[in-house]
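All of these numbers come straight from a predicted model, not from anything done at the bench.
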Amino acid sequence: MNESWSLFEFFKTGGVFMWPLLVFSLASLTLIIDRVIYLFYHSVRMTELTEQTEEFLQNKDVCGAIEMLQAQPRKNTGASILLAMLQSAKFGSERMEKSAEAEALERIHRMENGFDLISAISSLAPLTGFLGTVSGMIGAFRSIANAQDVNAQLVAGGIYEALITTVFGLIIAIFSLVAYNLLSKRVDRFANEVERSVNRLIAYFLPVSSENA
C-alpha cells in the first residue's frame with residue numbers, strides 16, 4: 001500500500017459517505033466565513049458610541065444625541081439600538097428599555113443567522129463519519145469472510161480504510177464547534193455591552209420618569 005497518499009486518494013478510499021462529509025465541510029466553511037465577515041464589517045463595539053451619546057445627555061441634548069446616532073453609518077449596529085431607545089424617550093424609561101431590547105434582539109438575531117446550521121453540522125459530521133466507518137467495517141469483514149486466505153494485512157487494510165470517514169467527520173466537527181463557540185462568544189459579549197450601555201444611558205431619564213409617575 002502506498003504510504004504517500006494524496007487527499008483525493010483518501011477521499012476516494014473513504015467511500016460514498018465522504019460525499020456528505022464534503023458537503024458538510026464546504027457548508028460549514030462558507031457559513032463561518034460569512035459570519036466572520038459580517039461581524040467584522042458591522043461595528044459591534046459600544047464603548048466609544050456610548051461615551052459620545054452620554055456627552056449629549058449630560059447637556060440634556062437628547063435631539064443632538066439622536067442626530068449624532070442617525071449620522072452613524074448603517075454598519076454601526078450599536079447606533080441603531082441606542083437610537084431606538086432615545087426615540088422612545090418621551091414615553092418614559094420603561095418604554096425606552098423595551099425599545100432598546102427589541103432592536104437589540106433583532107440585531108443579535110441577524111448576527112446569529114446561520115449559527116444553528118454550524119451547530120448542526122458539528123453534530124452531524126461525526127455521526128456521518130461513524131456511519132461510514134460502520135459501513136466500511138461491514139464491507140471489510142465481508143471481504144474477510146469471503147477470502148480463502150485471511151492475513152493480518154487484509155484485516156488491517158480493511159479497518160484502516162473504514163476509519164477514514166471517522167477522521168474526516170471528527171475534523172469537520174471540531175472545526176465547526178470551535179468556530180461556533182468563538183462566534184457565539186463574540187455575540188454574547190456584544191449583548192452584554194449593549195445591556196451595560198442601555199443601563200448607563202437610561203439612568204439620565206429616571207428622574208424625569210419619577211416626576212411623571
Is any side-chain heavy atom of [X] closer than 4.5 Å to a side-chain heavy atom of [Y]?
X    : Y    : value
E51  : R200 : yes
L69  : L49  : yes
F175 : I32  : yes
L22  : F17  : no
S25  : L21  : no
F190 : M46  : yes

Whether the side chain of [X] engages the backbone of [Y] through a donor-acceptor N/O pair (distance < 3.5 Å, no angle test) should be reported.
X   : Y    : value
S28 : F24  : no
R35 : M111 : yes
S43 : N76  : no
D34 : T30  : no

Distance (rounded to the nearest 0.5 Å) between [X] [atom1] and [Y] [atom2]:
X    : Y   : atom1 : atom2 : result
L39  : T77 : CG    : OG1   : 8.5 Å
E112 : Y38 : CD    : OH    : 11.0 Å
Q87  : L83 : CD    : CG    : 4.0 Å
Y41  : R74 : OH    : CZ    : 9.0 Å
M96  : M85 : CE    : CE    : 4.5 Å

Would [X] and [Y] show up in the same hydrophobic cluster when neighbours are defined by side-chain heavy atoms closer than 4.5 Å?
X   : Y    : value
L26 : I172 : yes
I37 : V44  : yes
I33 : V36  : yes
F40 : L31  : yes

Quick test of your reading of the model: are R45 and E193 salt-bridged, counting only N-O distances below 4.0 Å?
no

Give every donor-acceptor pair under 3.5 Å between a side-chain atom in residues 55-68 and any protein atom, sequence neighbours left out.
unit_1	atom_1	unit_2	atom_2	d
Q58	NE2	Y204	OH	3.4
N59	ND2	E55	O	3.2
D61	OD1	G64	N	2.9

Quick one: closest heavy-atom pair of F205 and L201, and the distance?
CD1-O, 3.6 Å

Please list, one pair per line, the donor and acceptor atoms closer than 3.5 Å that link side chains of residues 99-108 to other protein atoms, with sequence neighbours excluded.
unit_1	atom_1	unit_2	atom_2	d
S99	OG	S88	OG	2.8
S99	OG	R95	O	3.0
E103	OE2	S80	OG	3.4
E103	OE2	R107	NE	3.1
E106	OE2	R110	NE	3.2
R107	NE	S80	OG	3.0
R107	NH2	S80	OG	3.4

Within a reach of under 6.0 Å around CD of Q72, are more than 12 heavy atoms found that belong to other residues, nucleotides or ligands?
yes

Review item, side-chain donor-acceptor pairs of residues 115-128, under 3.5 Å, at least two apart:
unit_1	atom_1	unit_2	atom_2	d
S122	OG	S119	O	2.5
S123	OG	S119	O	3.4
T128	OG1	L124	O	2.8

